[in-house]
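Along the sequence shown, residues carry numbers from 1.
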Amino acid sequence: MVETEEEKYILRVYRRGWRNKQEIDFELELLSFLHEQKQPVAYPITRIDGGLTTEIAAPEGKRYVAVFSYASGYAVDGKLDTKQSYILGEVLAEIHQVLNSFKSSFSRPILNNEYLLDWSIRSITPLYQYRKKDLDFFQQKIDNIKNQIAELKLTLLAPGYGICIGDVHSGNANFTKQNEPTLFDFDQCGYGWRAFDIAKFLHAALRMKIDVTVKNSFVEGYQAIRKLSESELTSIPVFIKAAHIWVMGISTNVVGDVLPYGWFTDDWLDERLAMLKILDNVESDNFIT
C-alpha cells in the first residue's frame with residue numbers, strides 16, 4: 001500500500017519469470033480501458049511520461065511494477081452473500097460485453113486446451129513422477145475434458161467467446177458497506193470461452209465452501225445481463241474440471257519460487273484427486289436454477 005495525504009494506492013510488483021512485458025501491458029491496457037468505460041475495477045495509474053510500468057533492477061533480474069487505484073471496501077471471501085454474488089455475476093457479464101469492443105496490440109496466452117490442460121499436466125508431472133498411475137488418471141481426465149468441449153461445438157465468436165478475466169471470485173473483489181464492488185487481480189486474463197469465467201468462480205466457491213444458493217445467485221446475476229446458451233450451461237461443469245487442473249498447474253509451476261517443494265506432499269495430490277472425482281459427478285443442474 002502507498003499512502004499520500006489524500007489517497008491510498010496499491011503498488012504491484014510483478015514476479016520475474018511469470019508474465020513477460022507484452023502480457024503485463026495487455027493486462028494494464030485492458031484495465032485502463034475498463035476504467036474508461038466506467039467499469040468497477042482497480043485501474044493502473046499513468047506515469048508522468050504516459051507509461052504504466054516502471055522497471056526495477058531486482059537481485060533476480062528485471063521486474064516490473066505498476067501503481068493501481070485502491071479498491072475501497074473489504075474482501076468478503078467465503079462470507080459472500082446472495083446479493084453480493086448476484087452483483088458480482090452482473091458485473092462479470094457487463095465486463096464481458098464491454099470487452100467485446102476492446103482491441104490490444106499486445107499478446108496474451110489464450111485460455112485454451114493447451115494452456116489450461118496440457119501446460120498444467122507438464123507442470124504437475126515432475127513433482128509426482130513416482131505416482132504414474134495417478135498421472136495417467138489426470139491425463140485420462142484431460143482427454144475426456146477435451147472431447148467434451150469438442151462435442152459441445154462452442155462458438156469462437158462474441159459474446160460466447162472473447163476476453164475473460166480468468167480469476168473472478170469473492171477474494172478478488174472488495175465490497176463497500178453499500179455492496180458496491182471493485183474487481184482486481186486480472187493476472188489470469190486472456191481470450192477464451194466466457195463460460196470458463198463462470199466456472200472459475202464456481203471452482204473458487206467450491207474451495208471456499210460457499211453455499212449453493214450463493215453460487216446460484218452469481219449465475220442468475222450473470223444471466224440477468226447476458227443469457228447463456230444451452231451449450232454454455234452444459235459446458236460449465238466441464239470447465240470447472242479444467243479450472244481445477246489449471247489451478248494445480250499454476251501452483252506446481254511456481255515450486256521453488258513462490259511455494260516450497262515441501263508444499264507438494266502426497267496429501268496435496270490426494271486432496272485434488274478426490275476433488276476431481278467429485279467434480280466428475282457434478283452436472284449443470286446442481287448449481288444452475
Any idea how Phe264 and Trp268 line up, ring-wise: parallel (<30°), tilted (30 to 60°), or perpendicular (>60°)?
perpendicular

What one should report as the nearest heavy-atom pair of Ile225 and Glu94 is CD1-OE2, 3.7 Å

Margin query: Could you check whether Gln140 and Asn144, counting side-chain N and O atoms only, form a donor-acceptor pair closer than 3.5 Å?
Written below: no

**Report entry** Salt-bridge criterion met for Arg47 and Asp49 (N-O under 4.0 Å)
**Finding:** yes

Separation between CZ (Arg122) and CG (Leu117), nearest 0.5 Å, reads 10.5 Å

Item to complete: Report yes if some heavy atom in the side chain of Ile142 is under 4.5 Å from a heavy atom in the side chain of Phe137; otherwise report no.
Response: no

Scanning both residues in full, the closest heavy-atom pair of Met208 with Ser170 reads SD-OG, 3.4 Å

* Asked: Should the ring pair Phe102 and Phe33 be called parallel, tilted or perpendicular, given that the plane angle runs from 0 to 90° and is split at 30 and 60?
  -> tilted

In this structure, CD of Glu27 is separated from CD of Gln22 (nearest 0.5 Å) by 13.5 Å

**Prompt:** Val2 versus Lys8: any side-chain heavy-atom pair under 4.5 Å?
**Reply:** no

Any carboxylate oxygen within less than 4.0 angstrom of a Lys/Arg side-chain nitrogen, looking at Glu29 and Lys103? no

Item to check | Short side-chain donor-acceptor distance under 3.5 Å, Asn253 and Trp119 | outcome: no

Discussion item. Tell me whether Glu271 is salt-bridged to Arg207, with the criterion being a basic N under 4.0 Å from an acidic carboxylate O.
Written reply: no

d(Ile110 CD1, Asn112 CG) to nearest 0.5 Å is 5.5 Å

**OP:** Tell me yes or no: between the side chains of Asp211 and Thr213, is some donor less than 3.5 Å from an acceptor?
**Re:** yes

Closest non-hydrogen contact found for Lys200 with Ala243 is CD-CB, 3.8 Å

Hey, does the Lys NZ or Arg CZ of Lys227 hover above the aromatic six-ring of Tyr222, less than 6.0 Å from the centre and inside 45° of the axis?
no

When rounded to the nearest 0.5 Å, the distance separating NE2 of His169 from OG of Ser85 is 13.0 Å

Notebook entry, point to check: Side chains of Glu220 and Tyr86: does their closest heavy-atom pair fall under 4.5 Å?
Noted result: yes

On a heavy-atom basis, the closest approach of Phe26 and Ser104 is CD1-OG, 3.5 Å

- Does the pair Arg15/Glu60 count as a salt bridge with the N-to-O cut at 4.0 Å? no

### Lys/Arg-Asp/Glu bridge criterion (N-O < 4.0 Å) met for Asp136, Lys132
yes

Residues Cys164 and Leu111: closest non-hydrogen pair is CB-CD1, 4.0 Å

Quick test of your reading of the model: are Lys146 and Asp118 salt-bridged, counting only N-O distances below 4.0 Å? yes

Shortest non-hydrogen pair, Ile210 vs Gly78, comes out as CG1-O, 3.9 Å

Here the gap from Ile45 atom CD1 to Ile10 atom CD1, rounded to the nearest 0.5 Å, amounts to 11.0 Å

Is there a side-chain contact between Gln39 and His35 in this structure, where contact means two heavy atoms from C-beta onward sitting under 4.5 Å apart? no

Report task. Answer whether the closest heavy-atom distance between the side chains of Val67 and Pro44 falls below 4.5 Å. Result -> no

Is there a path of hydrophobic side-chain contacts, each under 4.5 Å between heavy atoms of I/L/V/M/F/W/Y residues, joining Leu157 to Tyr191? no

From the list Leu31, Leu34, Asn172, Ile95, side chain to side chain contact (heavy atoms under 4.5 Å, CB included) with Leu183 holds only for Ile95

*asked:* Pair Tyr14, Tyr64 - check ring-ring contact (aromatic ring centres under 6.0 Å, His included), show working.
replied: CA-CA 5 Å; Tyr14 285 84; Tyr64 298 96; 7.8 Å; no

* Is the Phe239 ring parallel, tilted or perpendicular to the Phe196 ring (thresholds 30°, 60°)? -> perpendicular

Hydrophobic cluster membership, with links at side-chain heavy-atom distances under 4.5 Å among I/L/V/M/F/W/Y: are Val98 and Phe184 in one?
no

**Report entry** Any Thr125 side-chain heavy atom under 4.5 Å of Gln139 side chain
**Finding:** no

Same cluster or not: Trp18 versus Leu11, using hydrophobic residues (I, L, V, M, F, W, Y) connected whenever any side-chain heavy atoms lie under 4.5 Å apart?
no

So CG of Leu269 and CG of Leu127: to nearest 0.5 Å the spacing works out to 9.5 Å

Verify the cluster assignment for Phe106 and Leu52: are they in a single hydrophobic cluster under the rule of side-chain heavy atoms below 4.5 Å apart?
yes

Any chance you could lay out the ring-ring contact (aromatic ring centres under 6.0 Å, His included) test for Phe201 and Phe218, step after step, and finish with the verdict? CA-CA 9 Å; Phe201 167 85; Phe218 177 85; 3.7 Å; yes

*Lys/Arg-Asp/Glu bridge criterion (N-O < 4.0 Å) met for Arg16, Asp257*: no

Group every Ile, Leu, Val, Met, Phe, Trp and Tyr by side-chain heavy-atom contacts under 4.5 Å, then state whether Met248 and Leu202 land in the same group. yes

